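Since the structure comes first, as structure tokens, the remarks are kept for the end.
Just so it is clear, the structure is predicted and the values come from calculations on it, not from any experiment.
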Amino acid sequence: MTKGATRASSRPVDQEVTTGSGGEIHQTAGGGVPVMTTQQGVPVSDDQNSLKVGARGPTLLEDFHLREKLFHFDHERIPERVVHARGYGAHGYFETYECLSGITCADLFQRPGEKTPAFVRFSTVVGSKGSPDVARDVRGFAVKLYTKQGNWDIVGNNIPVFFIQDAIKFPDLIHAAKPEPDRAFPQAQTAHDNFWDFISLTPESMNMVMWIMSDRTIPRSLRFMEGFGVHTFRLVDARGNSTFVKFHWKPKLGMQSVVWNEALKLNGADPDYHRRDLWNAIQSGQYPEWELGLQLFDQEFADSFDFDILDATKIVPEELVPVRRVGRLVLDRMVDNFFAETEQVAFCTQNVVPGIDFTNDPLLQGRNFSYLDTQLERLGGPNFTHIPINAPKCPVHTFQQDGHMAMRSRSGRANYEPNSWGGEQGGPREAPVTGFTSFPAPESGPRQRVRSPSFADHYSQARQFYVSQVEVEQSHIRDALIFELSKVQTEAIRARVVSHLRNIHEDLAGGVAAGLGLESLPPAAPAAVEPRTDLDPSPALSIVGNAPNTFAGRVIGVLVSEGADAALLDGLRRAAEGEGAEVVIVAPRVGGIEASDGKHVDAQEKLGGGPSVLYDAVAVVVSERGAEQLAGNPDVRDFISDAHAHAKFVAYAEAAKPLFESAGVTMDDGYTALTKADDAAAFLEACHDLRHWARQTG
Ligand code: HDE
């Protein structure tokens, strides 16, 4: 075979590039470049052409390289997670602030300053692996802590309550939320009949319904959301004393969400919005950080609390039991390979370490079975703990053996105990004192299938959540309910949801009914327990009310034209940098522009490819000539009118004014004129509020 040898200048010099007889490109190994092999390690001479009889003849079965390559490809997929299929993970560490030996003997909490390796996977719940990131959905927040006494998984969500109280309802909940089985749509949405049918027949879900209809389910970034362990767990100290605990993750950069109309557009503009954001942040060294908070309480508090601490549809308000911050979680490294790590990571709620224990929460008890079981389906065998991402980073000694893909096999004679072999041969032994010991909670009672009456109040905390939101957040909840229910085709289901809302808040019920065009308000749903209206609001539950007063980690999208004022651009850049924020230039061409000083300005996005929904705030810095050229451009109109409608702060150069007029927006207090470079500082100051909510509340 003759090969016309050509050296491609853009490739590393030690890589030889040749063209084959059919014009195909061959890249052969030179110094430093590894030789391609089969899975058996056999060097491959030609990866472009299968083995044939003659140039145009039949392919030979003998071609083991072709067969192995196709065989492997055919088996690349493993079942996606039945829930939380779409996820994104990163590595990092947990750093302990203080010694907690007074409450738990968990090893990772003993030594201040100690760092424990961690892996976190964020996810949406309902959508498939390829679904968009900013779907309205709960976010999974699963943390694996590789402690010196084994792996501890806190498999939580970004919402502290759940839809159901008993694990036996989980398959029904998920069936109802996923695409309907006959038509296989809608994807990654709860806005359909089956979901609301189930929900409206399951009043225990009403607290969670308030949370999912709030902006919590459309986070701006995975970095700007809280995480919760949801269930009540136990911390156990070395003497065997137990304290109840609820786990919280508090984002250092504060919480932030997008608005619904923005989310709809974001999913088209960038379906990978959240994963790209996390990737960019970590790659640029802005490591996202959360503090681990503990709500600690004893049996006496549990007995006096208005709700059952075993009921996962309830919170313990932070105002009643403050959150004690005991360490920080920092994500500082992306995975080397998405499949190997993020896809194969196997979280199990049953993974606890000495010093952490379960409670009788019936949801948690069911989860402890489900997560281990699901790994068999996904990862194909009992040895998934041998995969590096799942393997503990402490010694593992066990007589468990064999099975598919066993990677960690014991040497020596004994594979059982007790044995009398002694020493190395005899293998590991129990540790009665330091080994995991279950908290000896006394249990008694008849075996029965019942729901405790202490779980029966389904509305009071839903109301508490609603009244804890600021006005604009309440209007978002109302609008979200109207949106979702407007997609429900069965009127009886819509009315049934409103009948529950009447037990939560009459204004909300009335607003939703009006938005749906219901002719009359349905009667309130019968309630097992009279809903309470006397619970104090919990200000900690509001996102907007707890705005972080910083623009750090956020992004300004700057729309520019040829001849844009160089000083203004420079001012924006400096002000953003000073704040720890980023500037992204959006130009008519991705090649960039020539600014007023004659210098070239790189653009990161082309107009149309960088719509304003991608940014937290925007600026329009164009020259007069540029404004004329851009007048009437629909992408410019959308850039401006969307930013306005989404309550974003806007800065503008004087010459850009005609573009705002033609976009039909009325400039208000959320607009900052940029006449000189220093004006950018005032703009960034305004951006501390993240959104100009007054534009929505009027
Ligand atoms: Fe899950 N859940 N879940 N869940 N869950 C799974 O486990 C399940 C629940 C949560 O990034 C599955 O490995 C049952 C509550 C997260 O890999 C499965 C019940 C909370 C993740 C499963 C619940 C969660 C999962 C699917 C009711 C918040 C993603 C794949 C009893 C506290 C973890 C897998 C990751 C994943 C079962 C309820 C959070 C099927 C039976 C409540 C963050 O095992």
Closest non-hydrogen atom pair between L659 and A627, with its separation:
CD2-O, 3.7 Å
Report yes or no: does N390 contribute a side-chain atom to a donor-acceptor pair with the main-chain N or O of F384 at less than 3.5 Å?
yes
Under 3.5 Å, side chain of N157 to main-chain N/O of I159, donor-acceptor pair present?
no
Residues two or more places apart in sequence or in another chain: which of them pass side-chain contact (heavy atoms from CB on, under 4.5 Å) with R183?
E180, F185
Can you pull out every salt bridge (charged side-chain N to carboxylate O under 4.0 Å, His left out) where at least one residue sits in residues 599-616? Sequence neighbours excluded, please.
R220-D616
Taking the six-membered ring for Trp, are F660 and Y671 closer than 6.0 Å centroid to centroid?
yes
So which pairs with a foot in residues 678-698 pass ring-ring contact (aromatic ring centres under 6.0 Å, His included), sequence neighbours left out?
H476-W693, F649-H692
Closest heavy-atom pair and its distance - N158, P219:
ND2-CG, 4.4 Å
Output all residues satisfying side chain to side chain donor-acceptor pair (under 3.5 Å) with K648, sequence neighbours left out; order by chain, then residue number.
E262
Interatomic distance, Y466 atom OH to E473 atom CD [nearest 0.5 angstrom]:
11.0 Å
Correct closest heavy-atom pair for A576 and I556 would be CB-CD1, 4.2 Å
Between F141 and W290, what is the ring plane arrangement, given parallel below 30°, perpendicular above 60°, and tilted in between?
perpendicular
With R554 as the cation and F224 as the aromatic partner, state whether NZ or CZ is under 6.0 Å from the six-membered ring centre and within 45° of the axis.
yes
So do F119 and V335 actually touch side chain to side chain, heavy atoms under 4.5 Å?
yes
Examine distances only and state if a side-chain atom of Q187 and a backbone atom of S128 form a donor-acceptor pair shorter than 3.5 Å.
yes
Atom pair CD1 (I593) and CD1 (I585), whose distance is rounded to the nearest 0.5 Å:
7.0 Å
Derivation of the side chain to side chain contact (heavy atoms under 4.5 Å, CB included) call for E377 and V82:
CA-CA 10 Å; E377 173 69 15; V82 60; over 6 Å; no
Tell me every residue that passes side chain to side chain donor-acceptor pair (under 3.5 Å) with E685, counting only those two or more places apart in sequence or in another chain.
none
Quick one: salt bridge (charged side-chain N to carboxylate O under 4.0 Å, His left out) partners of R494, sequence neighbours excluded?
none
Validation row: F339, I78 side chains within 4.5 angstrom (heavy atoms):
yes
What residues, two or more places apart in sequence or in another chain, satisfy side-chain contact (heavy atoms from CB on, under 4.5 Å) together with V83?
V125, F170, I174
Tell me which pairs pass salt bridge (charged side-chain N to carboxylate O under 4.0 Å, His left out) where either residue lies in residues 123-143, with sequence neighbours left out.
R86-D133
Should Y88 and D272 count as side-chain neighbours, where that means a heavy-atom distance under 4.5 Å?
no
Please list all pairs meeting salt bridge (charged side-chain N to carboxylate O under 4.0 Å, His left out) that have one or both residues in residues 556-581, counting only residues at least two apart or in different chains.
E562-R589, D570-R574
pair V613-D270: side-chain heavy atoms closer than 4.5 Å:
no
Using side chain to side chain contact (heavy atoms under 4.5 Å, CB included), reason through V665 and V650 one step at a time and then give a plain yes or no.
CA-CA 11 Å; V665 300; V650 182; over 6 Å; no
Looking only at heavy atoms, which two atoms of A663 and S641 are closest? And how far apart?
O-CB, 4.1 Å
Any chance you could lay out the side chain to side chain contact (heavy atoms under 4.5 Å, CB included) test for V618 and L559, step after step, and finish with the verdict?
CA-CA 8 Å; V618 300; L559 175 57; over 6 Å; no
Are the side chain of R223 and the backbone N or O of P251 linked by a donor-acceptor pair below 3.5 Å?
no
Flag side-chain contact, heavy atom, 4.5 Å: Q474 against L508
no
Basic-acidic side-chain contact under 4.0 Å: K487, E484
no
Rounded distance (nearest 0.5 Å) linking atom CG of L614 with atom CD of Q604:
12.5 Å
Do the non-hydrogen side-chain atoms of K265 and P611 ever get within less than 4.5 Å of each other?
no
Which heavy atom of A340 sits nearest to which heavy atom of I389, and what is that distance?
O-CG2, 3.7 Å
Under 6.0 Å between ring centres: does that hold for F122 and W249?
no
Mind listing the closest non-hydrogen atom pair of D332 and I282 along with its distance?
C-CG2, 3.7 Å
State whether the side chain of Y146 and the backbone N or O of Y93 hold a donor-acceptor pair below 3.5 Å, judged by distance alone.
no
Evaluate the side chain to side chain contact (heavy atoms under 4.5 Å, CB included) criterion for residues L690 and F551: first the C-alpha distance (whole Å), next the side-chain angles of each, then the deciding distance (0.1 Å), finally the verdict.
CA-CA 7 Å; L690 300 177; F551 201 64; 4.0 Å; yes
Does the side chain of E343 reach to within under 4.5 Å of the side chain of R81, using non-hydrogen atoms?
yes
Quick one: does K250's side chain have a donor or acceptor within less than 3.5 Å of a partner on L292's backbone?
no
Any heavy-atom pair between the side chains of R691 and Q696 that's under 4.5 Å?
no
Give a yes or no answer on whether the side chain of T217 reaches the backbone of I212 with a donor-acceptor pair at less than 3.5 Å.
yes
Which residues satisfy the side-chain contact (heavy atoms from CB on, under 4.5 Å) test with S214, sequence neighbours excluded?
R216, F465, I477
Rounded to the nearest 0.5 Å, what separates atom CG in L485 from atom CE in M213?
8.0 Å
Looking at F347, does the NZ or CZ of K144 lie under 6.0 angstrom from its six-membered ring centre and within 45 degrees of the ring axis?
yes
Could I get the full list of side chain to side chain donor-acceptor pair (under 3.5 Å) partners for Y371, not counting sequence neighbours?
R367
Has the side chain of W196 got a donor or acceptor atom that lies under 3.5 Å from a matching backbone atom of T190?
yes
Those residues at least two apart in sequence (or on a different chain) that pass ring-ring contact (aromatic ring centres under 6.0 Å, His included) with F483 are W260
Got a donor-acceptor contact below 3.5 angstrom from the S623 side chain to the G626 backbone?
yes
Does the S205 side chain pair with the main chain of I164, one donor and one acceptor, at a distance under 3.5 Å?
no
Quick check for you: to the nearest 0.5 Å, what is the distance between M210 atom CE and L541 atom CG?
13.0 Å
When rounded to the nearest 0.5 angstrom, what is the spacing between CD in E291 and NE2 in H248?
13.0 Å
